[in-house]
Amino acid sequence: MRLKCVDCGSSCPLEPFQVRCGCGGLLEVEQDLTLVDAELLKRRFQERLSERMGVYASGVWRYKELIFPELPDEYIVTKYEGNTGMYAPEPIRETLGIRGLYFKAQSENPSGSFKDNGMTVAVSHGRSLGYSAFACTSTGNTSSSLAMYAAMGRSRAYVFVPNRKVSANKVLQTQAYGARVLSFDGTYDDGIRFLEKRGEELGLYVCNSVNPLRIEGQKSIIYEIAQTLGWSLPDWIIIPGGALSNVSALGKGLADLKSLGFIPSVPRIALIQAEGASPFHRMIASGSPVLTPEPRPDTLASALNIGNPPSWKKARSVLEMSSGVTCSVTDAEILAAKAQIDRSGIGCEPASAATLAGLQKLIAEKTIAKDETAVCILTGNLLKDTDVLKGSFQDIPVDLSGSDWEALLR
Ligand SMILES: Cc1ncc(COP(=O)(O)O)c(C=O)c1O
Ligand SMILES: N[C@@H](CCOP(=O)(O)O)C(=O)O
């Protein structure tokens, strides 16, 4: 395994580890898949589905050969992440009128979001290098995931969290796992700038998605969807976009599956951003070759409140590779979609509901045809961000010794 710079194209070994290339570009892991026996691997992945304990019971490490083959198992910290549900929400599909619809509930991960797929790999890698202090900046999901794995690995976690527009539940979850929360005045974008500059000299292993090992772990989401569907995929993969790690990772996973011959062709990706934090969508829509950061990102989908997504170049390559599209949705559209997902019994946080809101829009404008199929990636759990629900519901006061039950239970 080697690392390749997405900017200057130079390649370097995994050790000594650096998050970015000397030229400042993002790095990505390069693996030689021509050495892999694809049919043998497929059988192995299938057999491992029955494992209940040990690293291969994880929905990420099940695919270790495609993710981090060189890492000795003794360093792996796992909570059996991945292994999340795929649902076919029939009433929502009927309303949309498309041929097939799935929700991939990454919200069912152990810390409640898709971050766990990548974090198990980053923390395990950091441990293998001898780190005992891990760090990230976060709107709350990355931090709770890091805090959980650091605690499992008996390591320290330091997380830099913006002092506004983050969900209280996520910060409490992070603190409950024992991480030290350092609150700062600014946004995710300021936090990542700080860690990229100072993280290494402070002796911290940086676990944000600029770390290429995070992306390797998150690739497993697409492997798992494909395996669940018998190594086939829907026509469209719908992904919410903030820092753009997930679209980069899922795209890389798709390219792997195609080059291994596991899937005949790559599905199309639709990347959905919240209107108040949509610099990538604006770049694509305007045909601009470079991203203009949004200095004051503003959306109630707190996990998407990112104005300068570090992975935009990786995301752009993925869109090109998959003939992908982007769109943006308003906060009101996100909340309406979230209500549908919640009432289906699956539930999600606002950022995830951007997928359904985007799908509705893309069907309405006929970018997605009614005879096509789609999977929406539900990235975070309903309980992660309940601030947006406050004031939405009313308790019904009853008198246990004498209410009109027939009326109440109608
Ligand atoms: C729940 C949730 N959904 C979506 C996103 C956006 O994903 P990405 O930053 O990889 O684009 C995030 C955070 O990044 C998130 O926490
Ligand atoms: N929503 C994210 C922000 C992006 O973080 P990263 O892990 O991609 O760097 C969060 O939960 O913090």
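Numbering of ligands and ligand atoms starts at 1, following listing order. Here the structure is a predicted model, which means the values were calculated and not measured. Residue numbers count from 1 along this sequence.
On a distance-only criterion, S209 and ligand 2 share at least one N/O pair closer than 3.5 Å. Note: no N/O pair closer than 3.5 Å links A243 and ligand 2 by distance alone.
Residue G140 places a heavy atom under 4.0 Å from ligand 2. For N305, the heavy-atom gap to ligand 2 stays at 4.0 angstrom or more.
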If you look only at distance, which donor and acceptor atoms sit under 3.5 Å apart when one is on a side chain in residues 290-297 and the other is two or more places apart or in another chain?
from: E294; atom 1: OE1; to: R282; atom 2: NH2; distance (Å): 3.3
from: E294; atom 1: OE2; to: R296; atom 2: N; distance (Å): 3.0

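Side-chain contact annotation: D331 with T299, donor-acceptor N/O pair under 3.5 Å present.
The proximity of K170 to ligand 2, defined as any non-hydrogen pair under 4.0 Å, does not occur for either the backbone or the side chain. Counting heavy atoms under 4.0 Å from ligand 2, residue V210 does not touch it at all.
A distance limit of 4.0 angstrom between heavy atoms and ligand 1 selects the residues F114, K115, N141, P240, G241, G242, A243, L244, S245, N246, A303, L304, E349, A351, T379, G380.
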For this session: Decide side chain to side chain donor-acceptor pair (under 3.5 Å) for T84 and K104; before the verdict, give the C-alpha distance in whole Å, the side-chain angles of both, and the deciding distance to 0.1 Å.
Result: CA-CA 7 Å; T84 56; K104 175 64 171 167; 2.9 Å; yes
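Using modelled atom types, no side-chain atom of S113 and backbone atom of S107 make a donor-acceptor pair closer than 3.5 Å. Looking only at distances, no side-chain donor or acceptor of D395 sits under 3.5 Å from a matching main-chain atom of P397.
Surrounding CD of E65 are more than 12 heavy atoms belonging to other residues, nucleotides or ligands, all under 6.0 Å away.
Remark: I76 engages V55, W61, K64, L71, D73, T78, S124 in a side chain to side chain contact (heavy atoms under 4.5 Å, CB included) (not counting sequence neighbours). Take L40 and apply the side chain to side chain contact (heavy atoms under 4.5 Å, CB included) test, not counting sequence neighbours, and it matches D37, R43, R44.
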